[in-house]
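No experiment lies behind these values; they were computed from the predicted model shown. For reference, positions follow the sequence shown, starting with 1.
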Amino acid sequence: VTFVFNEILQLVLFEAPKLTGGANGIAGVPSVTLVGADLGSNQMVVVVTLLVAFVAAVATLLVTHRFRPEFASIEENETLAESLGLVVWRYRTIGFVVSAGVAGLAGFALVNMLLTAHPSSFSSFSGVNYIAYAIVGGRATMLGCVFGTALLVWMSNLFSSRGEYSAGLFG
């Protein structure tokens with residue numbers, strides 16, 4: 001459902017060029033200021049990105065630590081967890097909201113870095129890549145996702161010089 005909603009939202013964004021810039025996106029986004037400090041310089045972009053990554057990691061750790069037994073039981077057998085009195089939709093909603101918030105923080109860091117909001121930066125294919133990063137690195141720990149991301153980004157950069165063979169080599 002999320003994938004389909006993303007595709008519909010992209011079509012809406014492309015069809016509203018006065019509001020969203022259409023296929024060109026929104027260029028010239030002003031850099032963020034915080035208490036009078038400009039966060040658009042190269043050093044501040046790195047600091048903001050690291051701060052956003054830290055906040056996202058802490059939020060993820062807090063939620064997964066607090067609700068670890070509930071999430072584990074839902075993952076193991078959703079029907080059994082529900083029959084034992086666990087309100088499954090509540091925990092699924094918590095997980096969805098926190099993950100959407102973390103993704104929003106990542107989008108903020110990206111727009112702050114590029115100073116542009118382009119639709120291709122948030123495409124469905126990007127979402128597939130992010131899922132692949134987590135699968136390759138492993139879902140058990142956050143470090144697994146970091147290692148999976150590092151490996152797949154390194155491989156895509158390595159194989160990008162191979163032209164028409166890059167997708168096959170990457171696969």
message = Quick check: is V136 connected to Y133 through a chain of hydrophobic side chains (ILVMFWY, heavy atoms under 4.5 Å apart)?
response = yes

note = Distance col, row T149:OG1 vs L143:CG, nearest 0.5 angstrom, shows 11.0 Å

query = Is there a chain of hydrophobic side chains (I, L, V, M, F, W, Y, each step under 4.5 Å between heavy atoms) that links L61 to F71?
reply = no

query = Pick from V45, L51, V46, V52: which one makes a side-chain contact (heavy atoms from CB on, under 4.5 Å) with T49?
reply = V45

Verdict with supporting geometry, M113 and L110, side-chain contact (heavy atoms from CB on, under 4.5 Å) = CA-CA 5 Å; M113 181 181 72; L110 180 67; 3.9 Å; yes

query = Is there a chain of hydrophobic side chains (I, L, V, M, F, W, Y, each step under 4.5 Å between heavy atoms) that links F96 to V102?
reply = no

request  = Identify which one of L86, I94, V88, T93 satisfies the side-chain contact (heavy atoms from CB on, under 4.5 Å) criterion when paired with R90.
outcome  = I94

query = Considering residues, nucleotides and ligands other than F67, do more than 12 of their heavy atoms fall under 6.0 Å from its CZ?
reply = yes

query = Shared ILVMFWY cluster between L151 and V146, side chains joined below 4.5 angstrom?
reply = no

key: CD/E7: more than 12 non-hydrogen atoms of other groups inside 6.0 Å   = yes

query = In terms of hydrophobic clustering (I, L, V, M, F, W, Y; side-chain heavy atoms under 4.5 Å; direct or indirect links), are L105 and V48 co-clustered?
reply = yes

